[in-house]
**Q** 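Here's a structure for you.
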Amino acid sequence: MKSANPIFTHPAIQLLSKCKTLNTLNQVHGHMITTGLALHTYPLSKILLSSSDLELTYAHTIFDHIQNPTVFLFNTLISSVITNHRSQTHLAFSLYNRIILSGDDKLKPNCFTYPSLFKACRSQPWVRYGSVLHAHVLKFLEPGFDRFVQASLLNFYANCGKLGVARYLFEQINKPDLATWNSLLTAHARNASASDGGIKDADSCLSLEVFRLFNEMQNSLIRPNEITLVVLISACADLGALYQGMWAHAYVIRHRLKLNCYVGTSLINMYLKCGCLGQAYQTFDKLPQRDTSCYNAMIGGFAIHGYGQKAFQIYEKMRIVGILPDNITFNVSMFACSGVGLVDEGCKVFESIKEFYGIEPTLEHYGYLVDLLARAGRLQDAEKRIKEMPMKPNATLWRSLYAGARIHGNVAIEKVALKHLLELEPETSDNYVFFSNMYARVNKWEYVNRVRKAGS
DNA sequence: ATAGGGTTAG
């Protein structure tokens, strides 16, 4: 019997994954160089993975010292950059270029090279490289390349709104698997909600198409998983299709799918969109685990349905149970308070951003704060906040102040707000209308005063 | 024996 190749079972490799600091990793690496282990792709890929987790530049340095790295090693580093260091995406593309421009006949991209690169192409500024990569796929890979490449290509086109291309690519995949079906469903759901504000009929068709595709998927005997149901439930929310949504909820339970945070959040949202606040809360309450998104959905739900106090209570509960809020949490919580005039609660949310969570409030947070104060008639406070904020106030902020001043009859502040509005948006005709309305009102009062004086 | 695709909230 042949014994296992010692390269794969060397104890140093086991040690690598246990390294918690660069220093220890460095020692193991040194050891691997002296034993000659660092000449082989397998141990090298392990070093690259471990080091890129700790410090990407270190991994890069190691990579640069490898003579004639194989595609395998390129792929290892490229995917590590894209999945763990998204802000460094440019490094992944420069690695890819090194493969392409190497001039080495033996070094060619393979099926493993492309999926993570297409994933990177889903956000700016990398979107324009998608079609370049597509051309490379056709050039470098054998026709009928594997389903991972096909699925990532499909996702890329769906992401930039080219649903037709995505569908065409799907047609070419024989026996699509679960992830591929989920990609196609997601493509439709994403484009249904992305074109918000467009033609409503066309939007709904895409969500209806999700229903149809779900049936087709079931006929093909691929069993839906949690991700499938999240997409289906989102389509129900989009259509306001309560009964289909309840069916999907029952499906999750009947098929013993996990009621995870994704599924939970989409169900909460679906019930809220369908007007069922009680059902939404019950779902929220029964979830085995809740993350920030679940809380955001529920707070937003109470806000929409006019229960500011409840929304605020949920916000406070997050602190007690130790779920960290994010920027959206702060926005929806203040919005909830603003809607029903809970000024003190709303201010408490704003103060907690910095005081309790140590986060610097954003322009948007100031926007909600000013809206809250202005609507409640605390115009001096609102103006003061605008003047003291660390960044330049935008037109939305001044518009909130204007609206509050207008409603509460404070002409002086109304004037200040309008002046800034006109300055920031000289092209917007609405602002001039507001301005002339104000003068019309003021002049009328002067007229009234004159009449009064003349009469006395 | 190591590298790759699909999910939520305003």
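Each chain gets a letter, A, B and so on, in the order the sequences are listed, and its residues count up from 1.
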**Q** Can you measure A/I314 atom CD1 to B/dA9 atom C1' for me and round it to whole angstrom units?
**A**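 To the nearest whole Å, that distance equals 14 Å.
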
**Q** Of all the nucleotides listed (B/dG6, B/dG4, B/dG10), which has the minimum atom distance to the side chain of A/N182?
**A** B/dG6

**Q** Sub-3.5 Å donor-acceptor pair from the side chain of A/H365 to the main-chain atoms of A/T362, do we have one?
**A** yes

**Q** Considering only side-chain heavy atoms of A/N260, which listed nucleotide, B/dA9, B/dT7, B/dG5, is closest?
**A**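 The closest nucleotide is B/dT7.
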
**Q** B/dG4, B/dT7, B/dT8: which one has an atom nearest the side-chain heavy atoms of A/S266?
**A** B/dT8

**Q** How would you label the contact of A/T180 with the nucleic acid (heavy atoms, under 4.0 Å): base, sugar-phosphate, or nothing?
**A**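 Base contact - A/T180 has a heavy atom under 4.0 Å of at least one base atom.
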
**Q** Expressed as a whole number of angstroms, how long is the span from A/E364:CD to B/dA9:P?
**A** 16 Å

**Q** Identify whether any heavy atom of A/N327 sits under 4.0 Å from a base atom; if not, whether one sits that close to sugar-phosphate; answer base, sugar-phosphate or nothing.
**A** nothing

**Q** What's the closest nucleotide to the A/K46 side chain, out of B/dA9, B/dT2, B/dT7?
**A** B/dT2

**Q** Tell me: CZ of A/F112 to C1' of B/dA1, nearest whole Å?
**A**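 Atom-to-atom, A/F112 to B/dA1, this comes out as 12 Å.
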
**Q** Whole Å only: how far is the CD1 atom of A/I62 from the P atom of B/dT2?
**A** 20 Å

**Q** Between B/dG10, B/dT7, B/dA1, which nucleotide has the shortest distance from any of its atoms to the side chain of A/N331?
**A** B/dG10

**Q** With respect to the side chain of A/T41, which nucleotide from B/dT2, B/dG5, B/dA9 is positioned closest?
**A**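 Per side-chain heavy atoms of A/T41, the pick is B/dT2.
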
**Q** From the set B/dA9, B/dT7, B/dG4, return the single nucleotide nearest to any side-chain atom of A/A297.
**A**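 Closest of the options to the side chain of A/A297: B/dA9.
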
**Q** Could you tell me whether the side chain of A/N191 and the main chain of A/L163 form a donor-acceptor pair under 3.5 Å?
**A**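 Answer holds: no.
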
**Q** Between A/Y295 (OH) and B/dG10 (C1'), how many Å, whole number?
**A**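 Rounded to the whole Å, the gap is 18 Å.
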
**Q** Which part of the nucleic acid does A/L178 contact within heavy-atom distance under 4.0 Å: base, sugar-phosphate only, or nothing?
**A**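 Base: the residue A/L178, judged by heavy atoms under 4.0 Å, touches a nucleobase.
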
**Q** Is there a donor and acceptor pair, one atom on the side chain of A/S183 and one on the base of B/dG5, closer than 3.5 Å?
**A**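 There is none.
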
**Q** Quick one: A/R223 CZ to B/dG6 C1', roughly how many Å, whole number?
**A** 18 Å

**Q** With the stacking rule set at 5.5 Å and 30°, tell me whether A/F72 counts as stacking on B/dT2.
**A** yes

**Q** Round to a whole Å and report the spacing from OH of A/Y157 to C1' of B/dG6.
**A**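 In whole Å, B/dG6 C1' lies 19 Å from A/Y157 OH.
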
**Q** Given the structure, check if the side chain of A/T265 and the base of B/dA9 hold any donor-acceptor pair shorter than 3.5 Å.
**A**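 Result: no qualifying N/O pair found.
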
**Q** Nearest whole Å is fine: how far is B/dT2 C1' from A/H40 NE2?
**A** 14 Å

**Q** So if I take every side-chain heavy atom of A/D177 and compare against B/dG6, B/dG5, B/dA3, which nucleotide ends up nearest?
**A** B/dG5

**Q** What nucleic acid atoms does A/S45 come within less than 4.0 Å of, heavy atoms only: base, sugar-phosphate, or nothing?
**A** base

**Q** Keeping A/N155 on the side-chain end and A/A151 on the backbone end, is there a donor-acceptor pair under 3.5 Å?
**A**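 Indeed, once roles are kept as given, a pair shorter than 3.5 Å links the two residues.
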
**Q** Starting from the C-alpha separation in whole Å, work towards a yes-or-no answer on ring-ring contact (aromatic ring centres under 6.0 Å, His included) for A/F284 and A/Y295.
**A** CA-CA 8 Å; A/F284 174 80; A/Y295 276 91; 5.2 Å; yes

**Q** Could you work out which one of B/dA9, B/dT2, B/dT7 sits closest to the side chain of A/Y42?
**A** B/dT2

**Q** Between A/Y271 and A/Y281, does the ring centre distance come in under 6.0 Å?
**A** no

**Q** Reckon A/R290 has a side-chain N or O less than 4.0 Å from the OP1 or OP2 of B/dA9?
**A** no

**Q** Looking at A/Y357, I want to see if its OH is surrounded by more than 12 non-hydrogen atoms of other residues, nucleotides or ligands under 6.0 Å.
**A** yes

**Q** Closer than 3.5 angstrom, by distance alone: can the side chain of A/D371 be matched with the main-chain N or O of A/G367 as a donor-acceptor pair?
**A** no

**Q** Are any of A/R122's side-chain N or O atoms less than 4.0 Å away from OP1 or OP2 of B/dG6?
**A**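 A/R122 to B/dG6 OP1/OP2: side-chain N or O found under 4.0 Å.
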
**Q** Does the base of B/dA3 carry an N or O that pairs as donor and acceptor with the side chain of A/N110 under 3.5 Å?
**A**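 Counting by modelled atom types and ignoring angles, a donor-acceptor contact under 3.5 Å is found here.
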
**Q** Counting only side-chain heavy atoms from C-beta out, which of B/dA9, B/dT8, B/dG10 sits nearest to A/Y262?
**A** B/dT8

**Q** Report yes if a side-chain nitrogen or oxygen of A/N269 is closer than 4.0 Å to either non-bridging phosphate oxygen (OP1 or OP2) of B/dG10; otherwise report no.
**A** yes

**Q** Under the 5.5 Å and 30° test, is A/F148 stacked on the base of B/dG4?
**A**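 A/F148 vs B/dG4: stacking yes.
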
**Q** Check the phosphate of B/dG5 against A/K119, side-chain N and O only, distance under 4.0 Å to OP1 or OP2. Yes or no?
**A** yes

